Amino acid sequence: MLFSVIVPVYNRRDEIEELMASLARQTSKNFEAIIVEDGSTDPCGDIVERWANTGQVKAHYYYKENEGRSIARNHGIERACGDYFVFFDSDCVIPEDYFAALTHALEQHYVPCFGGPDTASNDFTDVQKAINFSMTAFLTTGGIRGGKVQLEKFVPRSFNMGYSREVWEKVGGFREMFSEDIDMSTRVRQAGFEIRLIREACVYHKRRTSIAKFARQTYVFGLSRITLKLLYPDSLKLVHTLPALFVLGCLFLIVTSLTVCKWAITPLLLYAALLWLSALVSTRSLKISLLAVVTSFVQLFSYGSGFIKAFVWKIVLRHGRDINEEIAMRKGK
């Protein structure tokens, strides 16, 4: 089996350097790398060419006008030679045994579509490690996103997912919208294909490098959940409303503690303490565990706020009942 690795990139030279270095270190070389530059003003073609010339990784570089990362992925698929397409984000670093582990897993139990988990590398910053905890812990939204304990069916994410050429020929490529990976996975399932989480196929994912950027990202996740609801009416589950309920609950507890009883804030403090303890056990760092409490609250409040705003605007007030707004926001970002 030949894998075609497809990576959209927009002004991320440093990230591409690290990604290409990690691909060059792979113990299994049964893949090609296709880097699609989505109209960057600071292109990375020279970096890709340099790594290709070393002979350590078979790499191809394509430059196109800026249209969005989903269209860039589709651009790469159309030029790929592989039997199976694997998608990474540019801020991923790939462990050296990734393709060996993926090949073994598919030989043992072939699936036409898979997703893999992400984690933090030892050289990540403390903020990145705290964000990683927030995005993978069951106490936040890890259960929604496919953690070790899951609250819904596993949905691959575009930073580490793949599907066969057969899937592409039947389902097509990604749509240019927020949460395009959830949309893609939904269409794959609706077409009758099996999707599986392959835990051995793990990547190091840097996500956002600051809390402000992380807040913006998770806010958009909340907005897009309502877009998915409009596309697929049965897709919204009770579990997806938990961050919004958390926001409303926190506001209620804070107001109550200020106006009625100061002890009303206790449940919120207990939750923060539980987050800190869980993060301390996971990261074994006092500093990172304290940061993880901050990033977890930021994640839940940002996601919940985006969800509430989109719910009121699109469901209650019935505005913007298609994905055009999402596409416009993505292109203008």
Side-chain angles (χ1 to χ4, degrees), residues 5 7 9 12-27 86-102 114-150 154-162 181 197-221 243 272 274-303:
V5 176
V7 183
V9 59
R12 301 289 182 91
R13 284 179 60 87
D14 292 344
E15 292 179 353
I16 287 298
E17 182 71 60
E18 287 189 273
L19 174 62
M20 293 301 298
S22 68
L23 290 175
R25 290 192 294 266
Q26 293 297 304
T27 58
V86 177
F87 305 96
F88 298 137
D89 285 349
S90 61
D91 58 355
C92 289
V93 177
I94 316 304
E96 63 183 19
D97 61 347
Y98 179 94
F99 285 99
L102 178 59
F114 85 96
D118 64 324
T119 189
S121 176
N122 290 332
D123 61 352
F124 282 15
T125 67
D126 290 343
V127 170
Q128 288 173 325
K129 290 177 181 178
I131 289 174
N132 177 74
F133 171 85
S134 300
M135 292 296 283
T136 57
F138 179 74
L139 289 173
T140 54
T141 62
I144 301 176
R145 296 173 60 82
K148 292 183 179 179
V149 180
Q150 291 178 220
F154 170 68
V155 177
R157 305 292 170 151
S158 57
F159 58 77
N160 183 13
M161 71 175 292
D181 42 14
L197 169 63
I198 299 180
R199 296 195 182 281
E200 301 85 356
C202 184
V203 302
Y204 299 125
H205 191 195
K206 291 191 171 183
R207 300 188 185 277
R208 294 300 182 258
T209 56
S210 72
I211 292 178
K213 291 179 180 179
F214 179 57
R216 169 60 183 169
Q217 180 187 45
T218 49
Y219 176 77
V220 167
F221 289 164
L274 190 59
L275 275 174
W276 171 75
L277 183 60
S278 177
L280 183 62
V281 171
S282 175
T283 65
R284 300 182 183 277
S285 167
L286 179 60
K287 180 181 178 181
I288 296 173
S289 63
L290 291 172
L291 278 172
V293 175
V294 176
T295 56
S296 296
F297 271 82
V298 166
Q299 177 204 28
L300 292 170
F301 265 89
S302 298
Y303 185 107

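When a residue number appears, it is its place in the shown sequence, counting from 1. From a predicted model like this one, the values you see are computed outputs, not experimental measurements.
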Provide the closest heavy-atom pair for [X] versus [Y] in the form atom of the first, atom of the second, distance.
X	Y	answer
Ile94	Val203	CD1-CG1, 3.8 Å
Cys202	Thr119	SG-CG2, 3.7 Å
Lys129	Ala120	CG-CB, 4.1 Å
Lys206	Val93	CE-CG2, 4.5 Å
Pro95	Gln26	O-NE2, 2.8 Å

Out of curiosity, [X] [atom1] to [Y] [atom2], how far, rounded to the nearest 0.5 Å?
X	Y	atom1	atom2	answer
Asp118	Met135	CG	CE	7.5 Å
Ser210	Ile131	OG	CD1	7.0 Å
Arg284	Ser289	CZ	OG	12.0 Å
Asp123	Glu18	CG	CD	7.0 Å
Leu275	Ser278	CG	OG	7.0 Å
Asn160	Ile198	CG	CD1	9.0 Å

Phe88 and its ring pair (Phe, Tyr, Trp, His ring centres under 6.0 Å) partner, picked from Phe159, Tyr204, Tyr98: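 So the option named by the test is Tyr98.
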Positive for side-chain contact (heavy atoms from CB on, under 4.5 Å) with Thr283, one of Ile288, Asn132, Leu291, Asp126: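 Among Ile288, Asn132, Leu291, Asp126, the one meeting side-chain contact (heavy atoms from CB on, under 4.5 Å) with Thr283 is Ile288.
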Candidate pair Trp276 and Leu286, rule side chain to side chain contact (heavy atoms under 4.5 Å, CB included), full reasoning: CA-CA 9 Å; Trp276 171 75; Leu286 179 60; 3.8 Å; yes
Donor-acceptor contact present, side-chain Ser302 to main-chain Gln299, <3.5 Å: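 It does not hold such a pair.
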Ser134 side-chain N/O to Ala130 backbone N/O, donor-acceptor pair under 3.5 Å: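 Checked: pair present.
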Step-by-step side chain to side chain contact (heavy atoms under 4.5 Å, CB included) determination, Val155 to Asp181: CA-CA 8 Å; Val155 177; Asp181 42 14; 5.9 Å; no
Do [X] and [Y] have side-chain heavy atoms sitting under 4.5 Å apart?
X	Y	result
Asp91	His205	yes
Asp89	Ser158	yes
Val127	Phe214	no
Leu23	Phe99	yes

Intermediate values then yes/no, side chain to side chain contact (heavy atoms under 4.5 Å, CB included), Ser296 and Val293: CA-CA 5 Å; Ser296 296; Val293 175; 5.8 Å; no
